2 protein chains.
Amino acid sequence: MKNSIRDNEQRKAGIPTIKRLPQYLRILKDLEKQDVETVSTTFLAQELNIEPIVVRKDIASTGAEGKPRIGFTTKEAIKKIEHFLGWDNVTEAFLVGAGNLGSALMGYQGFQNHGLKIIAAFDKDDKKIGQEIHGIKVLSMEKLPNLAKRMHIHIGVICVDAEHAQEVSDIMVEAGIKAIWNFTPVKLKTPDDVVSQKEDLSSGLAVLSVKLASKLGFVDIEEV
Amino acid sequence: MKNSIRDNEQRKAGIPTIKRLPQYLRILKDLEKQDVETVSTTFLAQELNIEPIVVRKDIASTGAEGKPRIGFTTKEAIKKIEHFLGWDNVTEAFLVGAGNLGSALMGYQGFQNHGLKIIAAFDKDDKKIGQEIHGIKVLSMEKLPNLAKRMHIHIGVICVDAEHAQEVSDIMVEAGIKAIWNFTPVKLKTPDDVVSQKEDLSSGLAVLSVKLASKLGFVDIEEV
DNA sequence: TAGATTGTTAATCGATTAACAATC
DNA sequence: TAGATTGTTAATCGATTAACAATC
């Protein structure tokens with residue numbers, strides 16, 4: 001008997017859809033806690049201030065099926081979304097750069113609900129090596145390659161300064177890491193079989209700046 | 001004489017364009033440091049691994065003008081982008097939630113190059129109040145409303161737990177803050193004249209997860 | 001049954017990509 | 001001059017929105 005990792009029919013989902021899925025997941029889990037057994041896309045849409053049809057299409061792309069007049073089973077929707085995102089299994093990851101941001105990420109418990117567990121951190125600063133931050137050991141950079149290979153680590157998180165980002169990325173790739181979560185503003189150059197996702201605060205700030213400016217209104221100013 | 005805040009002709013730019021602008025800015029500033037006087041969109045595109053036409057349209061939307069065969073003046077392009085984003089003036093901001101992430105953000109010097117200066121932090125934890133983190137004082141939440149009004153603060157950064165996000169947002173809005181940079185996964189409910197931008201790590205992680213899965217390939221598994 | 005909600009099919013909108021004339 | 005690059009206009013693509021039949 002054949003068994004696909006992706007059980008039921010799953011359609012392709014675009015990036016916008018993928019980005020919205022965690023939002024639904026968060027609300028659904030809240031509802032689950034409150035023992036709410038079914039939920040309509042209308043409700044989810046209201047909570048997130050988006051159109052119901054968007055939610056319907058997004059959820060549908062995970063393979064979840066609803067019942068007219070009733071909606072989706074909370075538990076099933078959660079299961080489908082988590083499975084779609086691959087969050088039903090926790091993957092172990094290495095983090096490089098135990099600075100302010102790196103430490104904050106290590107301290108964030110929520111990632112385990114998102115399929116990610118940071119199990120070791122690496123730094124080149126001797127003062128940090130040997131320390132334990134939020135229960136995670138900080139090791140010497142030199143140990144990364146062997147350890148990554150031995151433990152079959154596939155995900156790396158980069159929190160170093162921009163100038164060292166590419167260097168760290170190269171080491172990770174060489175060590176067999178296949179997915180890089182990049183918290184620097186640098187566009188990493190990686191081989192085709194390695195994926196990377198840039199978490200760029202400056203782009204979010206740019207959007208906020210422009211939104212604010214357009215709200216305040218670019219009124220003409222009368223000079224004296 | 002009339003004088004518009006937006007000097008030359010500037011066209012509307014979509015969100016994708018706005019998000020890319022900081023990336024160009026970063027490279028342009030690097031080039032400026034190296035005394036490179038002109039730059040072509042072809043070069044920028046190569047650096048970022050995107051199509052030249054995208055860069056050309058994006059830069060054009062800021063009002064910068066290039067010369068055929070030569071490209072854009074580095075300094076002018078920087079000036080236009082910064083102006084477009086409103087990053088040529090530094091705006092003071094308040095941050096609420098001096099936890100791991102909040103502290104990391106306070107420690108990040110780069111925001112000043114992006115028009116943002118966090119000048120005070122607020123927390124409800126007595127142990128944190130009175131402390132100074134990365135040179136920024138942590139004050140009692142109760143002081144926020146008056147201080148924000150008195151200092152005409154328009155930007156707020158929220159780094160509290162999800163469950164307190166809406167509450168903090170309400171306080172900020174009441175205090176006259178017009179733009180909220182939201183680091184919680186909660187969709188904030190704000191009045192029409194207040195803008196907010198959510199910085200959602202889980203959506204980035206979702207994209208990375210799906211990218212990785214599709215790279216690894218959803219191979220069929222043969223059961224025993 | 002009645003009607004809220006799903007899921008499908010079509011229409012609209014906006015962003016990306018392509019083609020090409022203008023020009024330094 | 002020749003040709004790289006800009007900037008404009010048109011074509012393509014994908015995502016959002018709209019319309020509506022199916023159904024619990």
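Letters go in sequence order (proteins before strands), and every chain restarts at 1. Keep in mind the model is a prediction, meaning the values are calculated, not measured.
Secondary-structure stems of DNA chain C, taken as three or more successive Watson-Crick or G-U wobble pairs (i with j, i+1 with j-1) under a 3.5 Å distance threshold, comprise C:3-24 with D:3-24.
In this structure S169(A) satisfies the side chain to side chain donor-acceptor pair (under 3.5 Å) test with no other residue, sequence neighbours excluded. Listed by chain and number, the residues in a side chain to side chain contact (heavy atoms under 4.5 Å, CB included) with E32(B) are T74(B), K75(B), I78(B) (sequence neighbours excluded). Taking the side chain to side chain donor-acceptor pair (under 3.5 Å) definition, one finds that N49(A) meets it with nothing, sequence neighbours left out.
For residues 196-208 of chain B, every residue pair satisfying the side-chain hydrogen bond (donor to acceptor under 3.5 Å, both in side chains) rule, not counting sequence neighbours, is listed here: Q23(A)-K198(B), K211(A)-Q197(B), W181(B)-E199(B), D200(B)-S202(B).
A side-chain N or O of Q166(B) and one of D170(B) form a donor-acceptor pair less than 3.5 Å apart.
Of the side-chain N and O atoms in T42(B), none sit less than 4.0 angstrom from OP1 or OP2 of dA4(D).
The residue from L25(A), D58(A), V55(A) that alone fulfils the side-chain contact (heavy atoms from CB on, under 4.5 Å) condition with R20(A) is D58(A).
For the pair V168(B) and F122(B), the minimum side-chain heavy-atom distance is 4.5 Å or more. Contact check for V173(A) versus I180(A): side-chain heavy atoms found under the 4.5 Å cut-off.
To the nearest angstrom, P of dG7(D) lies 13 Å from CG of L44(B).
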Per-nt protein contacts along nucleotides 12-24 of chain C (heavy atom under 4.0 Å; B base, S backbone sugar-phosphate only, - none) come out as ---SSBB----BB
